[in-house]
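See structure below.
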Amino acid sequence: MIRLVRGFKDILPSDTALWQHVEVLVRELLEDFGFSELRIPILEQTELFARSIGTGTDIVEKEMYTFIDRSGDSLTLRPEATASVVRAYIEHGIYAKTPECKLYTTGPMFRRERPQKGRYRQFYQINAEVFGLHDPRADAELILLLMTIVGRLELSGAGLHINSLGCPECRPQFREALKPFLRGQTEELCSNCLRRRDKNPMRIFDCKVPTCKKAMLDAPSILDYLCETCRAHFETVKSSLDRFQIPYQINHRLVRGLDYYTRTTFEVLAEALGAQDAVAGGGRYDGLVKALGGPDQPGVGFAIGVDRLIELLAAQAQSFERRPHLFIAALGLRAQDTAFQWVQEFRMQKVRAEMDFENRSLKSQMRRADKLGVSYTLIVGDRELDDGAVVLRNMTTKEQENVPVQDLVRLVVNRIRTE
RNA sequence: GUGGGUGUAGCUCAGUAGGUAGAGCACCGGGUUGUGGCCUCGGCGGUCGAGGGUUCAAAUCCCUUCACUCACCCCA
């Protein structure tokens with residue numbers, strides 16, 4: 001048997017209704033908040049990700065699906081979307097026509113990590129990006145949008161964490177201050193953290209090893225090292241969130257894996273997800289557009305991990321399945337022939353009708369009707385056709401009535417609509 | 001890439017003094033004449049992850065391998 005590729009998955013019919021529910025709701029909110037959809041390809045030049053995400057990152061170093069195509073170009077299945085959005089923003093001169101713009105995009109991303117709960121090699125994201133706005137209220141608005149989505153989806157147990165990473169002006173000073181502290185923690189830090197102590201010391205905040213966590217409790221906070229501009233920026237983000245009563249937790253340990261983030265950074269975390277607890281994450285990336293060869297335009301964005309979001313919603317046990325409205329139990333070939341005609345007419349009237357093509361007993365057809373969860377069943381056999389009236393059974397009240405064959409579709413449609 | 005756990009019917013799982021497999025759910029059908037959900041009876045359905053070894057005999061012991069899963073790592 002040929003099976004799924006490791007880390008990839010099928011989204012089965014029993015789940016797609018929930019996916020669609022999320023997609024529709026999020027899309028509507030994005031449009032309400034002024035975002036326009038941008039559709040970007042799944043394949044890009046490898047260099048785009050190397051330059052935006054950073055050559056030192058794990059994503060670029062060992063997680064990308066990269067191959068050389070026949071022309072000799074190195075291509076990569078996108079591991080994230082922001083780089084492509086920025087590329088499109090620059091390539092099509094969007095910055096010239098509408099430097100300030102809000103874009104969103106959705107689709108699969110690819111990262112060759114070891115699969116586990118909430119982590120797949122093909123996973124889905126909804127990305128929102130805002131370009132051209134330095135104002136901290138843009139950051140706040142984006143977070144507001146994200147939390148509105150969370151709220152509308154009635155997602156429980158999800159908490160917002162925010163932090164500021166400073167800017168190229170003040171972050172280096174923090175890193176310098178962090179180093180002597182870390183040198184004093186040689187005993188406590190795990191081997192991994194010791195290795196990255198010099199290369200990327202801020203990442204140690206992310207380590208989940210208990211002793212590291214403990215050792216980092218007394219570490220200096222980036223928030224004490226922000227320059228005046230960054231401090232004021234962060235203050236406005238917070239006061240804006242307060243104003244809209246968005247609860248949040250300041251977490252000076254919240255750092256990002258991608259090099260291009262500056263200032264505001266945030267994540268929505270849900271404990272129920274296990275180790276992969278980030279449902280959404282984002283932040284400001286003021287240097288990225290320029291770094292990719294565009295004008296010096298700022299950007300802020302977030303990504304929602306749809307798979308994880310769905311997992312949370314599915315656990316909250318809410319059904320979005322679409323059940324048919326009507327089943328036609330037809331007895332005998334003549335009745336089946338008529339029923340076939342009717343189901344088509346019902347569907348044209350937006351009534352989801354089903355019937356059975358096997359010549360099964362009424363009992364088994366009733367069973368099927370019950371299993372489908374229809375609210376009404378039409379029962380038609382030779383007897384009914386001869387009498388010119390078929391039986392309409394209300395599956396919840398068990399009441400039955402006769403409906404004349406001529407004009408049947410209209411009468412039944414009305415009955416179902418008035419439910 | 002590293003570690004732990006697990007791999008027996010579509011699903012959830014039983015099944016050790018080694019003797020060629022069971023349950024529940026699901027599915028199909030019956031319980032008198034053309035009527036569902038409960039009950040009841042029956043049926044369908046398994047190369048016991050794969051390959052090799054030990055043995056008269058292995059789902060059960062040994063080796064190898066693959067897959068799934070959780071965690072590390074990383075991140076949405």
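Letters go in sequence order (proteins before strands), and every chain restarts at 1.
- B:C74 and B:U16: their C1' atoms are spaced 43 Å apart (whole Å).
- When heavy atoms are screened at a 4.0 angstrom cut-off, A:A369 is found touching no nucleic acid atom at all.
- On a pure distance criterion of 3.5 Å, a polar donor-acceptor pair joins the side chain of A:R119 and the base of B:C74.
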Which protein N or O atoms sit under 3.5 Å from an N or O of nucleotides 29-34 of chain B?
from	atom 1	to	atom 2	distance (Å)
B:G29	OP1	A:R360	NH1	3.1
B:G29	OP1	A:S364	OG	3.4
B:G31	N7	A:K363	NZ	3.0
B:G34	N7	A:R383	NH1	2.8
B:G34	O6	A:R383	NE	2.9
B:G34	O6	A:E384	OE1	3.3
B:G34	N1	A:E384	OE1	2.9
B:G34	N1	A:E384	OE2	2.7
B:G34	N2	A:E384	OE2	3.1

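- The neighbour count for A:K9 NZ, taken as heavy atoms of other residues, nucleotides or ligands under 6.0 Å away, is above 12.
- Across the protein-nucleic acid pair, A:Q116 atom CD and B:A76 atom C1' stand 13 Å apart, rounded to whole Å.
- Position along RNA chain B of the nearest nucleotide to A:V306 versus A:G274 favours A:G274 as the more 5'-ward residue.
- Atom CG of A:L254 and atom P of B:A76 are 10 Å apart (whole Å).
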Trace of the salt bridge (charged side-chain N to carboxylate O under 4.0 Å, His left out) decision for A:R334 with A:D337: CA-CA 5 Å; A:R334 186 153 68 106; A:D337 214 42; over 6 Å; no
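- One P atom belongs to B:G53, the other to B:C38, and the distance between them is 50 Å to the nearest Å.
- No salt bridge links A:R27 with A:E23; every basic N to acidic carboxylate O contact stays at or beyond 4.0 Å.
- Salt bridge status for A:R111 with A:E80: absent, with no side-chain N to carboxylate O gap under 4.0 Å.
- Between the C1' atom of B:U69 and the CG atom of A:L4 lies a distance of 15 Å, rounded to the nearest Å.
- Base contact: A:M395 has a heavy atom under 4.0 Å from a base atom.
- Applying the side chain to side chain donor-acceptor pair (under 3.5 Å) rule to A:E141 yields the partners A:K102; only residues at least two apart in sequence or on another chain are considered.
- Of the P atoms belonging to B:U69 and B:C13, the separation is 14 Å, rounded to the nearest Å.
- Residue contacts for A:Q365: at a heavy-atom cut-off of 4.0 Å it reaches no nucleic acid atom on any strand shown.
- Between A:I59 atom CD1 and B:A76 atom P the separation is 6 Å, expressed in whole Å.
- Counting non-hydrogen atoms under 4.0 angstrom, A:G282 reaches nothing in the nucleic acid.
- A salt bridge (Lys or Arg N to Asp or Glu O under 4.0 Å) check over residues 361-380 of chain A, counting only residues at least two apart or in different chains, returns the pairs A:D356-A:R368.
- Between A:E354 and A:R352, none of the side-chain N atoms (NZ, or NE/NH1/NH2) sits under 4.0 Å from a carboxylate O, so this pair counts as no salt bridge.
- Regarding A:R121, its CZ atom lies at a distance of 11 Å from the P atom of B:U69, rounded to whole Å.
- Rounded to whole angstrom, the span from the CZ atom of A:F8 across to the C1' atom of B:A67 amounts to 16 Å.
- Contact annotation for A:E267: no contact, since no heavy-atom pair falls under 4.0 Å across all strands.
- When distances are taken from the side chain of A:R114 to each of B:C75, B:C73, B:G3, the shortest belongs to B:G3.
- Straight-line distance from the NZ atom of A:K9 to the P atom of B:A67: 19 Å, rounded to whole Å.
- Residue A:R6 is in sugar-phosphate contact alone, with no base atom involved, counting any heavy-atom pair closer than 4.0 Å across all strands shown.
- Rounded to an integer number of Å, the gap from CD of A:E271 to C1' of B:A76 is 18 Å.
- Counting any heavy atom pair closer than 4.0 Å across all strands shown, A:K371 reaches sugar-phosphate atoms only and no base atom.
- Taking the centre of each ring, A:F35 and A:Y104 stay at or above the 6.0 Å mark.
- Between A:E399 and A:R393 no salt bridge is recorded (no basic side-chain N to carboxylate O distance below 4.0 Å).
- Distance from the side chain of A:K117 is smallest to B:C70 among B:C70, B:A76, B:U2.
- Nucleotides B:A21 and B:A59 place their P atoms 8 Å apart, quoted to the nearest Å.
- Nucleotides B:A50 and B:G42, compared at atom C1', are 36 Å apart to the nearest Å.
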